[in-house]
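The structure under discussion appears below in the form of structure tokens.
Numbers for residues simply follow the sequence, beginning at 1. The structure presented is a predicted model; accordingly, all values stated were derived computationally and were not measured.
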Amino acid sequence: ATRPGRAGRGPVALPAAVPFNLDEFMIKWHVLANIPLFISGEHLLCNGYEHYQYDKDRKMVKVRFTSTPLGSQESQLALMHGHVKNPPTNTDWSLNPKLLFYLPLNLGYIMLYVAPDMSWCLVGTPSRANMWIMTAKRPITKDPKPWPAGVQSSTYRFQMGCTSGGYGDVISCELQDLVTPVFKGT
């Protein structure tokens with residue numbers, strides 16, 4: 001399958017979908033690092049987590065994103081809802097953010113990798129402009145390498161399409177250079 005890519009780059013081939021259990025995924029995920037959505041000011045946030053719930057009657061995913069603006073002690077909440085577009089594989093979602101009401105934007109949200117033990121996941125957008133690495137356990141503040149155990153940067157480059165030039169110059173970079181850590185110990 002393909003999706004439209006960034007302007008001038010043509011369609012982007014999606015990675016092969018690896019199915020996962022949607023019910024098991026419906027937990028609180030801590031945002032460890034990201035390539036943020038600048039338009040929403042996500043680059044100015046830290047200590048984010050996403051709590052997922054699935055409404056089986058409406059076949060709808062509900063997302064509660066809680067985060068703290070840099071330099072603040074007050075958390076803020078953003079709400080979204082959406083649908084899984086490819087059950088039972090469950091890797092291709094569309095989300096609608098809530099401002100005053102839910103905007104019918106159907107923003108692409110792709111589960112690029114979900115660890116079999118549900119310890120971590122890698123989520124991205126179809127354009128590959130944004131990415132989130134999330135863990136089921138809260139990161140340890142003083143851990144110099146908080147990345148999920150056994151993960152190598154090549155895993156992320158493959159999943160995000162970097163081997164085909166998806167990020168241009170960052171292909172040779174290590175994982176730490178591809179993402180912005182967003183967990184700040186308190």
Identify, with sequence neighbours excluded, every residue that meets side chain to side chain contact (heavy atoms under 4.5 Å, CB included) alongside Asn21. Asp23, Glu24

Those residues at least two apart in sequence (or on a different chain) that pass side chain to side chain contact (heavy atoms under 4.5 Å, CB included) with Asp57 are Asp55

Atom CD1 of Ile27 and atom CE of Met134: how far apart are they, to the nearest 0.5 Å? 9.5 Å

Listed by chain and number, what are the ring-ring contact (aromatic ring centres under 6.0 Å, His included) partners of His43, not counting sequence neighbours? Phe38

What do you reckon, are the aromatic ring centroids of Trp132 and Phe65 less than 6.0 Å apart? no

Kindly list each side-chain donor-acceptor pair under 3.5 angstrom involving residues 96-104, sequence neighbours excluded, with atom names and distances?
residue : atom : partner : partner atom : Å
Asn96   : OD1  : Leu105  : N            : 3.0
Asn96   : OD1  : Asn106  : N            : 2.7

Taking Ser127 for its side chain and Ala129 for its backbone only, find out whether a donor-acceptor pair lies under 3.5 Å. yes

With sequence neighbours excluded, tell me which residues meet side chain to side chain contact (heavy atoms under 4.5 Å, CB included) with His30. Lys28, Tyr49, Thr135, Arg138, Pro139

Taking only residues two or more places apart in sequence, or in another chain, which ones meet Ala115 in a side chain to side chain contact (heavy atoms under 4.5 Å, CB included)? Tyr113, Asp117, Ser119, Trp120

Can you check whether Asp92's main-chain N or O pairs, donor with acceptor, with Asn86's side chain at less than 3.5 Å? yes

Considering residues, nucleotides and ligands other than Ile39, do more than 12 of their heavy atoms fall under 6.0 Å from its CD1? no

Side chains of Pro69 and Glu74, heavy atoms from C-beta outward: is any pair under 4.5 Å? no

Indicate yes or no: at least one non-hydrogen side-chain atom of Met111 is less than 4.5 angstrom from one of Phe25. yes

The single option from Ile110, Leu122, Asn34 that satisfies side-chain contact (heavy atoms from CB on, under 4.5 Å) with Met131 is Leu122

